[in-house]
Participant: 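Got a structure for you, written out below as structure tokens; questions coming shortly.
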Amino acid sequence: MKRWRFVGFGKDTQKGWAIGGLVAVVVLTMAGAGGPAALAGPIAPNQITGLQAWYRVDSGLTLAGTTGTEVSAWNDSSGLGRNMSQATSANRPTLIRDSSFGFPVVSFDGSNDFLSAGDVEVHSNTDGLTVIGVVRPRTVNTSGLTTGNILSKFQYATGGRAWRLGIDWWAAQNNADAYQSTHELTFPPSADPIANQWNIVVGSWTPGVSTAGYMIPMSGPNAFQEISAGAASQAAASVPDTTAALLMGACNAGGDHRLNGELVEVVVYNRALTQAERRGLTEYFQQKYTLQTDPTRPLLVNINFEGVGAAASNQPLPPGYSIDAGAPGTYHGNGVWSYWDRDVSSWGRNRNAASSPDERFDTLIHMYNSGQSPYQAFTWQLAVPNGTYWVRAVFGEPSTGTSTNNIYIQNQLFTDPDPGLTGDWDEYFGIFTVSNGRVTITPQPEAAAKICFMQAASVFHPQIAINFEGTGSNASNNPLPPHYLIDNGAAFGDRGNGYKYGWVDPATGNPIDNQANGRNRNSAASPDERYDTLNHFYRSGTQHYNWEIELPNGNYFVLAMFGEPGPEAVGGTSTNNVWIENVRFYDPDPAKSSEWDLFMGVVAVSDGRLTLRDIGLDQPAKIAFIEITLVPEPSTWLLLAFGMCLSVGLWHWRRRNTER
């Protein structure tokens, strides 16, 4: 049963039911100071030829130490195996969280932290070298050469000098025996990175032609604008094949120029990149590490929890779902990050049980260290802009083990109504305020909680919002939100409010009156009037009812609430098995009283009408309210502007249809 708790719901779900796949997308806008240049589009590092090494914070980290935050290894994502490591605990950087956007960062203390890939060569004496670091320095010394090293293959020894990229300097040298400052580029003050802010620092070398540097701030008035640091007075014709180790965070065998700051990505190419390639990488980093959203559009995130290897999902997930496999940080695309307070990838599972409705319910991650002492609770967070969100999360598992899903979502406790059961799921949802950039989910101490999947959607002013009710004494008798329209069960037609909607006979496709099946329960259990009123898709006999609204073809974000407050004495149970356009939604706990079922997703309208219909099982499906908003595709800032034009067109379209 779901129970209303301030702004949250909880319900228990038993095995043997099924739920259809939700069609869902993440709708985001990435904005920067780049203006029209942003139309070039982001380019991932592995989409550019010449990639020699790629260290990314969302992949390849190995954590160690008593706190589980020491970075003992950082694997190369280029596929060339140039993996970084540090065997000495005192010399390891640590994993922390960015305070603004929540993504993980590798933090170097400026004292003795560094990583090494050993003696590997990554440059080309024919085509050159490009080294890029996404860095947040704690300090910047404008005199150069005393601040931290990002990446280097350099040592103060005969045959040791080659190249190194620091926070505000870059060197590519052709004399291995003597220090030659003519090949060293010190960034001028105008191009110095900004302390305590994220910057993209680029060093580029073209043999015998240019040793150039660039800095791109990731915030401030010049955000994402490439600032040239100039060029060295003399370009190296060649760079020696040195025996020095490839180091991150220091140079000279780890003894000099140690980095005091954080890194999230370091990329190396064995040629000088073009300006267009640098711009594409800049937009990739911009999208990945600076999340901004259009407040008039829904932010919808769908995440499935699972393990790795044999414990990973092996059946299709619903469209629009991304995976969290327990890594310390996971990038989901479009600026969305989730992360655990430690690496919990070993606690992911795939049960491969026949009783699972779909793969989301078959996979899970333990939110505690099962069977170990002392007990440890694992906390999960989703980084989102501050605001108000619908959050829906499903816990439990199908068969193998029991679970007790006592869970805090944003510090609100949801209690498992049937603890210690096997083969059941618990679904909790509600509206939550985010003030620290995080949606936080953590188990109650000593609870054997397991998370299967979650959804989060921003609460925003929808384009269309409709409450379902009856007429007369069954009409709403308490205030609705001011932007809500009413469906009182009338047959499909022009409602006089700019829209055509209503009820249709599924057998004939003709409008049919459904006013007799509208209800107002006047129940104290209802959180507001929208939950207290409803209409039936099926009530008795053989007659079923579809509900439709006329809309232009396109993709729409739909939030629909089904169910009612009860009690059984007035026929208050419901089984909300419903088609929403082409997406199935099955009630996880059929024939229950005083419960609601939430659908959040994106559906496609291709015939001019959004249609809701029951699945035809002669069961009492009931709808309480619905919110509908047009979603432009693809979600670029240019097409969002085009979407505003569509909204204006939609208004004129509604007006024209109203005046007919």
Side-chain angles (χ1 to χ4, degrees), residues 43 45-46 48-57 74 76-78 80 82 84 106 108 114-117 119-125 127-135 137 144-145 147-155 161-174 183-187 191 193 198-207 209-216 226-232 235-236 238-242 244-252 257 259 261 263-275 277-282 284-285:
I43 305 174
N46 59 353
I48 297 175
T49 59
L51 179 64
Q52 294 296 297
W54 180 16
Y55 307 102
R56 42 187 286 200
V57 76
W74 197 351
D76 172 21
S77 291
S78 74
L80 297 177
R82 309 188 196 282
M84 292 279 176
V106 178
F108 295 78
F114 70 96
L115 297 169
S116 173
D119 179 14
V120 295
E121 295 298 337
V122 295
H123 75 276
S124 167
N125 268 320
D127 301 310
L129 175 68
T130 301
V131 184
I132 303 171
V134 182
V135 60
L145 301 185
T147 52
N149 192 86
I150 296 172
L151 199 70
S152 74
K153 191 167 173 57
F154 187 98
Q155 189 167 337
R161 294 191 177 95
W163 55 265
R164 52 184 176 171
L165 177 69
I167 290 173
D168 55 359
W169 48 273
W170 161 244
Q173 299 183 231
N174 67 348
H183 302 303
E184 197 101 46
L185 169 64
T186 302
F187 287 17
W198 287 104
N199 308 264
I200 304 169
V201 179
V202 182
S204 178
W205 170 60
T206 304
V209 178
S210 174
T211 303
Y214 309 90
M215 192 277 292
I216 302 101
E226 186 176 89
I227 301 170
S228 174
S238 63
V239 170
D241 183 5
T242 177
L246 180 67
L247 299 185
M248 182 186 296
C251 68
N252 197 33
H257 302 312
L259 175 63
L263 291 171
V264 288
E265 304 228 6
V266 180
V267 190
V268 184
Y269 296 89
N270 62 0
R271 63 184 185 85
L273 299 188
T274 66
Q275 184 181 38
E277 289 169 331
R278 296 195 305 269
R279 178 67 207 182
L281 285 171
T282 295
Y284 171 83
F285 296 135

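Hydrogens, waters and symmetry mates play no part in the numbers below; they use all other heavy atoms, side chains included. Each residue takes its place number in the sequence, starting with 1.
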Participant: If I take atom CE from residue M248 and atom CZ from residue F108, how far apart are they, to the nearest 0.5 angstrom?
Facilitator: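 If I round to the nearest 0.5 Å, the distance is 5.5 Å.
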Participant: Is there a donor-acceptor pair under 3.5 Å between the side chain of T130 and the backbone N or O of L273?
Facilitator: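 Yes; judged by distance alone, with no hydrogens or angles, the pair exists.
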Participant: Taking side chain to side chain donor-acceptor pair (under 3.5 Å) as the test, write out the residues that go with D76, two or more places apart.
Facilitator: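 Testing D76 for side chain to side chain donor-acceptor pair (under 3.5 Å), a comparison that skips the adjacent residues, returns S78.
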Participant: In Å, rounded to the nearest 0.5 Å, how long is the span from CZ of F114 to SG of C251?
Facilitator: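 Here the interatomic distance stands at 11.0 Å.
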Participant: Report the residues that fulfil side chain to side chain donor-acceptor pair (under 3.5 Å) with Y284, sequence neighbours left out, ordered by chain and then residue number.
Facilitator: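 For Y284 the side chain to side chain donor-acceptor pair (under 3.5 Å) partners, ignoring immediate neighbours, are K288.
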Participant: Can you tell me how far apart OG1 (T282) and CD1 (I200) are? Round to the nearest 0.5 Å.
Facilitator: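 Here the interatomic distance stands at 4.5 Å.
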Participant: Roughly how far apart are S152 OG and H257 NE2, rounded to 0.5 Å?
Facilitator: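 It comes to 9.0 Å.
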Participant: Could you pull out all residues at least two apart from D127 that satisfy salt bridge (charged side-chain N to carboxylate O under 4.0 Å, His left out)?
Facilitator: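 In terms of salt bridge (charged side-chain N to carboxylate O under 4.0 Å, His left out), with neighbours along the sequence ignored, D127 is linked to no residue.
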Participant: Exactly one of I48, L51, N46 should register a side chain to side chain contact (heavy atoms under 4.5 Å, CB included) with V267. Which one does?
Facilitator: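 One option only clears the test, and that one is L51.
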Participant: Residues two or more places apart in sequence or in another chain: which of them pass side chain to side chain donor-acceptor pair (under 3.5 Å) with Q52?
Facilitator: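 Residues passing side chain to side chain donor-acceptor pair (under 3.5 Å) with Q52: R82.
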Participant: What distance separates T211 OG1 from E184 CD, expressed to the nearest 0.5 Å?
Facilitator: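 The distance works out to 10.0 Å.
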Participant: I need the single residue from I132, D168, V135, V134 that forms a side chain to side chain contact (heavy atoms under 4.5 Å, CB included) with V201. Which is it?
Facilitator: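 The option that passes is V135.
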Participant: Can you sort out the partners of R271 under salt bridge (charged side-chain N to carboxylate O under 4.0 Å, His left out), two or more places apart, ordered by chain and number?
Facilitator: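 Only E277 meet the salt bridge (charged side-chain N to carboxylate O under 4.0 Å, His left out) criterion with R271.
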Participant: Within the distance-only criterion (no hydrogens, no angle test), does the side chain of W74 pair as donor or acceptor with the backbone N or O of R56 below 3.5 angstrom?
Facilitator: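 Yes, W74 side chain to R56 backbone: donor-acceptor pair under 3.5 Å.
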Participant: For N252, give me all partners under side chain to side chain donor-acceptor pair (under 3.5 Å), at least two apart in sequence or on another chain.
Facilitator: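 In terms of side chain to side chain donor-acceptor pair (under 3.5 Å), with neighbours along the sequence ignored, N252 is linked to D256.
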